Structure formats: C-alpha cells, structure tokens
Student: 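Dumping the structure here so I can ask a few things about it.
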Protein chains: 2
Amino acid sequence: MGTAMTVIDDAPAEVRACGELERQRHRRPEGRDRFTISEVADYTGLSAHTLRWYERIGLMPLVDRSHTGQRRYGPRDLDWLDLVGKLRLTGMPVADMVRFAELVRQGEETVAERERLLSAHREDVRRRIAELRSTLDVLDYKIDIYADARRRASEGASRT
Amino acid sequence: MGTAMTVIDDAPAEVRACGELERQRHRRPEGRDRFTISEVADYTGLSAHTLRWYERIGLMPLVDRSHTGQRRYGPRDLDWLDLVGKLRLTGMPVADMVRFAELVRQGEETVAERERLLSAHREDVRRRIAELRSTLDVLDYKIDIYADARRRASEGASRT
DNA sequence: CGCTTGCTTGGAGTGCACTCCAACTCTCTA
DNA sequence: TAGAGAGTTGGAGTGCACTCCAAGCAAGCG
C-alpha cells in the first residue's frame, strides 16, 4: 500500500547543490540506492535518533525496511530530507513541516495548498533576511565604536 | 555603587530606527525618562515577565526603583534593550548576551573582547543570510513546480 | 472604605526540538 | 562461531527561552 511518498518532485542537482558549503558532510553515494540510518545521518547531518523521531511524528514517510526490519533509505527519502533540511534551516517549525508532509501524502489535490504554504514561508524568509540585514548595520556601527575606542586606548598608551 | 551601565554607547536615532517596520509597538515617549515595566514591555514587545527575567539572569543591569520598590526604567535601559532586541532577533543565545552584558559591566578594558564577540556574531549573521538566500532559490523552484502543476490541472479540467 | 489595577517575589510549568536510555536483535569480520 | 559494532523500540530526559502562578503590597477612584 501507498506509504511511499509519491509526489516528491525532485529538484535537479544544480538547484539541490547550490549554497550549503559543507553542511552536508558527505556527498550522496552514487550507484547505490539503499542506505542505512547511519549513512543517512552522515549525509544529512541529523542524528540517527532524529531520523527515527522524524519518522515517528510523520515528518518522514515510513521508510522501507530490510528483511530483518532495519531501515533502508532510498534516493527519494534523501531528496525529501534535503527539502526538510532546507525548511528547517530557515526556521520552519517542525509542526508546519509535518503539515506539509501530510499534504504531500494526500496527493495531487493538495498542490494549491502546498504552494500557499511554501509561498507564505518564502515571505517569512524574505522578511527575516531584511531583518538580519538591518541588524548588520547596527552591528557594524557598534563594532566601529569599539574599534575606535581600542585605537584611541592604544595610542594613549603609546604616548605615555 | 556602580550598577548603572556606564558604557552603553548609544546609537543615534538613524541607526536605531532603520529596519523593524512595526516590531516596536510604541514609539519611545519623549519628555519623560522613567518608565514602568509595562510601558517598557509595550515599547520593546517583550513581556513584563521576560523583562524581570532578563534582570535576574544578568542580561539587564539592575534597574532603578521607585520609593515603593517598583522598577523605573531609564533611557539607557531602553537603549540597552534595543541592542539586546537586535542581538536576540539575530538568534544570539541568551547566554552569549549575558556574557556580553558582563563585559559591558566590567568597563573599558573589555572593549577588545566585546569587539571580538560582536564581530564573530556579525560573521554568523552574514553566514545565515547567505544560507537563507540559497534556500530561497529552492523555495522558488518548488513553488514554480506547484504553480505549473496547478495550471496544468485547471487547464485539463476546463478542457473536459 | 472597598475595589480595581498594577507591581512585587521565588519557584514551578510549558513548548519545542531534540537526545538519550535500557534492553534488546542483527550483521559483519576473524 | 564468537565478539564487536551496528540497528531496533517506547519512553524518559535535556536545554533553551520563556511563561505563568500564588500570595502579597501599593496607588488611585467613587
């Protein structure tokens, strides 16, 4: 039955790879398509604990199992975790990500709502970027003050 | 005794005001210079609980009191809270802000370290801005996909 | 004078996102 | 075939940043 996530529109490598200089400790192994939990932990930077927890709370589709019951993650699972990682990085609450995962599970008829959800989040991210930038100005201002103070202090000292 | 913060180099209004479209619910009242906790809560957007808590943990200098023991915040307290608000907005952990507050309390000889602390944080903020921007690309990509899917779906429906 | 509203305190409680534990079973290498 | 090192589970624990509570004091108003 259809627990496999059917509607992960997989982003092409160019999009997937941009940014993130070393957040992903290890490149995704080519050639294989079933990965153990520790390989995935390594790849995503999440702990194995967290991966299991994501599954429990419905943030991951139920992961495929080996004949003995151990998890075997596939390429679509990694794609999904890439996206989740991005959303997490931008501070989307886990509850919202779970909501998104539910929509994906429900299939094509939720596309409009998914779009709305991501668009709202995009606005959020834009707002936060602007906020951060404005703080950067304050930080620059403060740091200048301190640099001046330090310069004056060392000049005073050398003149003594 | 010198619990009053002596080294808040106050940023001029241009720097203080930029960004933050409506984060500060109320303009700082002009003319007066002693504010109750609820006025300050209103001004900063923090709760009175949080303001007291900041003081307890050493993130605020001990605030002046009225003859009956109630807090009376002064302009420098508001300046300090403006800065703390900025740092908080950029995700600086409370523990780091407390460390910074301690340095400020210790006086001029900690200027170099304060500069280092803020510079490090500035790099952090820069990194996070870059990160957010790269996520924005992924978001745009996804949203496009959904928009396309939606368009195709409604076209198909109208052709039926 | 009584009532409402606002302030005080220490300490307990909340919500989020993990993070770890105990007590196993399974896989791999020698 | 033995032992090390992975993986499994439900549930409890952690750290952070608040957030609230109870009990009490103080000021202003009709």
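Keep in mind that this is a model prediction, so the values were computed, not measured. Lettering of chains follows the sequences in order, A, B, ..., and the numbering in each one begins at 1.
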Student: Judged by atom type as modelled, is there a donor-acceptor pair below 3.5 Å linking the side chain of A/Ser47 to the main-chain atoms of A/Thr50?
Tutor: yes
Student: Take atom CG of A/Leu59 and atom P of C/dC16, then tell me their distance rounded to the nearest Å.
Tutor: 14 Å
Student: Atom NE2 of A/His49 to atom P of D/dA12: distance rounded to whole Å?
Tutor: 17 Å
Student: Does OP1 or OP2 of C/dC26 have a side-chain N or O of A/Arg71 closer than 4.0 Å?
Tutor: no
Student: With distance as the sole test, does A/Glu123 use its side chain to make a donor-acceptor pair with the main-chain N or O of A/Ala120 at under 3.5 Å?
Tutor: no
Student: From C-beta outward on B/Tyr54, which listed nucleotide comes closest to its side chain: C/dC18, D/dT8, D/dC18?
Tutor: D/dC18
Student: Establish, with yes or no, whether the OP1 or OP2 oxygen of D/dG7 is under 4.0 angstrom from a side-chain nitrogen or oxygen of A/Ser38.
Tutor: yes
Student: Using atom CZ of A/Arg34 as one end and atom P of D/dA6 as the other, report the distance to the nearest whole Å.
Tutor: 20 Å
Student: Please give, in whole Å, the distance from C/dG6 P to B/Ile37 CD1?
Tutor: 13 Å
Student: Give B/Arg52 one of three labels, base, sugar-phosphate or nothing, depending on what nucleic acid heavy atoms sit under 4.0 Å from its own.
Tutor: base
Student: Report the distance from atom CZ of A/Arg88 to atom C1' of C/dC18, rounded to the nearest whole Å.
Tutor: 10 Å
Student: Sub-3.5 Å donor-acceptor pair from the side chain of B/Asp96 to the main-chain atoms of B/Pro93, do we have one?
Tutor: no
Student: For B/Arg56, which contact category applies under a 4.0 Å heavy-atom criterion: base, sugar-phosphate, or nothing?
Tutor: base
Student: Where each residue is assigned the nucleotide of DNA chain C containing its nearest heavy atom, which of A/Trp53 and A/Thr68 is assigned the position nearer the 5′ end?
Tutor: A/Trp53
Student: Side-chain N or O of A/His67 versus OP1/OP2 of C/dT27: is the shortest distance under 4.0 Å?
Tutor: yes
Student: For A/Glu55 and D/dG10, give me the distance from atom CD to atom P, rounded to whole Å.
Tutor: 11 Å
Student: Could you check how far CG of A/Leu51 sits from P of C/dA17, rounded to whole Å?
Tutor: 16 Å
Student: Does B/Asp77 reach the main-chain N or O of B/Gly74 with its side chain, forming a donor-acceptor pair under 3.5 Å?
Tutor: yes
Student: Within less than 4.0 Å of OP1 or OP2 of D/dA6, is there a side-chain N or O belonging to A/Thr36?
Tutor: no
Student: Closest approach to the side chain of B/Arg65, judged atom by atom: which nucleotide of C/dT8, C/dA17, D/dA27 is it?
Tutor: C/dT8
Student: Does a side-chain N-to-carboxylate-O contact under 4.0 Å join A/Arg127 and A/Asp124?
Tutor: yes
Student: Could you tell me the separation between the CZ atom of A/Phe35 and the P atom of C/dT27, rounded to a whole number of Å?
Tutor: 19 Å
